[in-house]
Amino acid sequence: MTPWLDSRKPEYKYRRVLVITSVLAITTLILSLTLLIIDRLRPQDSSSLWDHSSYDIKDDPWEYNLSKNNFTISRVPATRYYEWTISQQVTAPDGFERPMLLVNGKFPGPLVEANAGDRIVVKVTNDMVNGTAIHWHGMFQNGTNWMDGTTGVTQCPIPPGQSFTYNFTVANQWGTYWWHAHAASQYVDGIVGPLIIHSPDEPHLDKYDQDLIMMVSDHYHTDSASLVAWYLSTASEGVEPVPDNGLINGRNSFDCSLATEALIRIINTGSFADFKVSVDEHELEVIEADGVDMVPVKVERVPIHVAQRYSVLLVADQSKGGGEGFWIRAEMNTNCFNVENPALDPSVKAILRTSGMAPQEIPTSKDWEESAWSPHCDDLKTEMLKPFFARVAPQADIQVVLEMSFQTITRDRVNMGYVNKTSWRPQLNNPTLLQAVEGDGGGVNSAIVFDESQLVVTLETIQTVELVVNNLDEGAHPFHLHGHIFFVVATGDGSYMPGRSELRTENPLRRDTVTIPPYGYVVLRFVSDNPGLWAFHCHIDWHMAAGLMMQFLTLPSQVKVRKYRWDF
Ligand SMILES: [Cu+2]
């Protein structure tokens with residue numbers, strides 16, 4: 001080894017490293033560019049749009065226990081302000097991972113709680129790839145029709161990346177309501193939550209020590225867009241997607257501790273299934289239906305269809321059962337599904353315990369007898385439910401007769417829902433409210449002719465409307481009227497026969513969502529005193545997607561609209 005070689009060796013090594021590094025860098029660059037080009041050429045994987053970062057749903061077990069909220073029931077008006085961000089996340093409410101749409105990362109979404117007379121302000125930021133809107137189910141929105149949150153009717157979808165602030169006062173109503181997306185089928189994917197209005201005037205306030213919300217819902221393991229695409233194709237032959245599971249407050253198992261006398265506010269936030277809710281060995285005393293106080297009536301099981309609400313009183317009897325607590329059962333009525341899902345357990349259970357009952361033990365309490373079951377997806381018998389504040393249904397000034405059906409008459413042979421001859425398609429960027437008024441701030445568009453995809457009945461003056469709906473379909477359909485409470489003056493099998501079907505006008509049931517029996521009818525009455533465009537539709541999400549919806553244009557001379565700039 002010579003000294004000069006020794007002295008040159010480090011320099012030689014350095015050059016070799018430099019060459020190798022350069023070659024590697026160039027190769028990596030070429031490889032990256034090639035991969036990028038290949039990636040751009042192949043179809044984009046939509047899963048990259050979904051946030052996998054927060055797998056766990058944010059959970060506050062006390063949020064739906066109203067007794068823990070220190071809320072003050074008061075006549076002093078307040079503003080309740082909420083800020084919501086709706087995002088897409090992969091999550092697993094029942095252990096099965098699926099893409100969902102969550103408000104503030106929660107499922108179900110945040111509680112909205114207010115007193116009658118309060119102003120509710122909710123700033124909604126859309127962090128999803130599709131437009132959205134939030135409907136406040138059961139709120140009258142008298143004078144604020146444009147806050148009803150119904151895409152294609154009262155507003156354009158909130159664009160991705162932008163915000164819309166809902167702002168309305170709650171006047172002359174209280175009770176149990178809920179909110180949900182009213183855009184495409186998004187609420188099926190998780191955009192739902194409770195909306196509770198209190199009042200010192202509630203007649204049953206002194207009857208309970210604890211106030212709990214119990215949301216029951218069906219649950220799917222596939223996203224709603226895929227399910228709708230299948231349902232509205234010839235492949236489905238009109239058979240609705242059958243749920244994969246059932247949930248109580250967004251969970252498949254639920255342990256709830258109760259005071260001895262509790263109010264349970266049952267809300268069906270689902271999309272298809274009718275539930276029967278019961279507590280082993282305890283009768284439930286119904287005191288509210290859809291925001292209307294009732295004369296208390298005891299039942300063994302409460303049938304509750306999509307979008308309906310019942311408040312029930314439960315007085316826990318420690319002398320019954322084995323001392324480990326009782327099963328609360330929410331049982332899906334699978335008779336109303338057109339096909340079976342062998343993987344589905346239709347029975348969702350929660351454990352009810354009061355203090356002194358053995359924790360960690362599985363209840364041995366017994367279910368009510370099978371004879372209490374009705375195989376049909378019927379409502380509680382309307383004659384059982386008497387509103388606490390009695391009202392006589394006013395004489396009808398006009399009658400509107402609707403027929404709802406499913407028909408396969410289009411060229412593509414897809415089974416679609418019809419109200420009379422119209423199968424509703426939302427006009428997303430030109431909602432009917434916008435079509436009904438001219439200019440900023442109001443003025444009737446007297447030249448308006450709605451598109452043939454819209455069935456709109458105009459009610460020019462304040463009058464009592466008798467709404468007859470004949471169901472020509474073999475299924476039961478829970479119909480909801482936005483912005484109103486209606487009187488249920490008749491319901492029965494077959495078609496309504498004027499003069500032959502009995503009408504109950506002496507303090508009949510009042511509510512906002514009623515189930516029309518299979519091949520049956522309902523006769524409803526409501527007063528057209530609320531200016532605006534109001535949707536009347538089946539709340540089974542798949543049926544609304546199939547077009548089962550019509551609208552009332554009420555008091556057109558008073559209809560207003562606020563042109564809204566999106567918040568940034
Ligand atoms: Cu329906």
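Index from 1, following the sequence. Being a predicted model, the structure only gives us computed values, none of them experimental. Order of listing sets the numbers, starting from 1, for every ligand and every atom in it.
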So His305 and His477, side-chain hydrogen bond (donor to acceptor under 3.5 Å, both in side chains) or not? Walk me through it. CA-CA 9 Å; His305 219 315; His477 299 271; over 6 Å; no
Ser185 vs Asp541, test: side-chain hydrogen bond (donor to acceptor under 3.5 Å, both in side chains). Steps then yes/no. CA-CA 6 Å; Ser185 293; Asp541 185 83; 2.5 Å; yes
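Remark: Phe140 engages Gln173, Ile485, Asn530 in a side chain to side chain contact (heavy atoms under 4.5 Å, CB included) (not counting sequence neighbours). Here Arg510 pairs with nothing under the salt bridge (charged side-chain N to carboxylate O under 4.0 Å, His left out) rule; sequence neighbours left out.
Only protein N, O or S atoms were scored, and 3 of them lie under 2.8 Å from the Cu ion (ligand 1).
Every pair passing side chain to side chain donor-acceptor pair (under 3.5 Å) that includes a residue from residues 489-506 is listed here, sequence neighbours excluded: Ser501-Tyr521.
Checked options Leu548, Val400, Leu481, Leu455; the residue passing with Phe536 is Leu481 (criterion: side chain to side chain contact (heavy atoms under 4.5 Å, CB included)).
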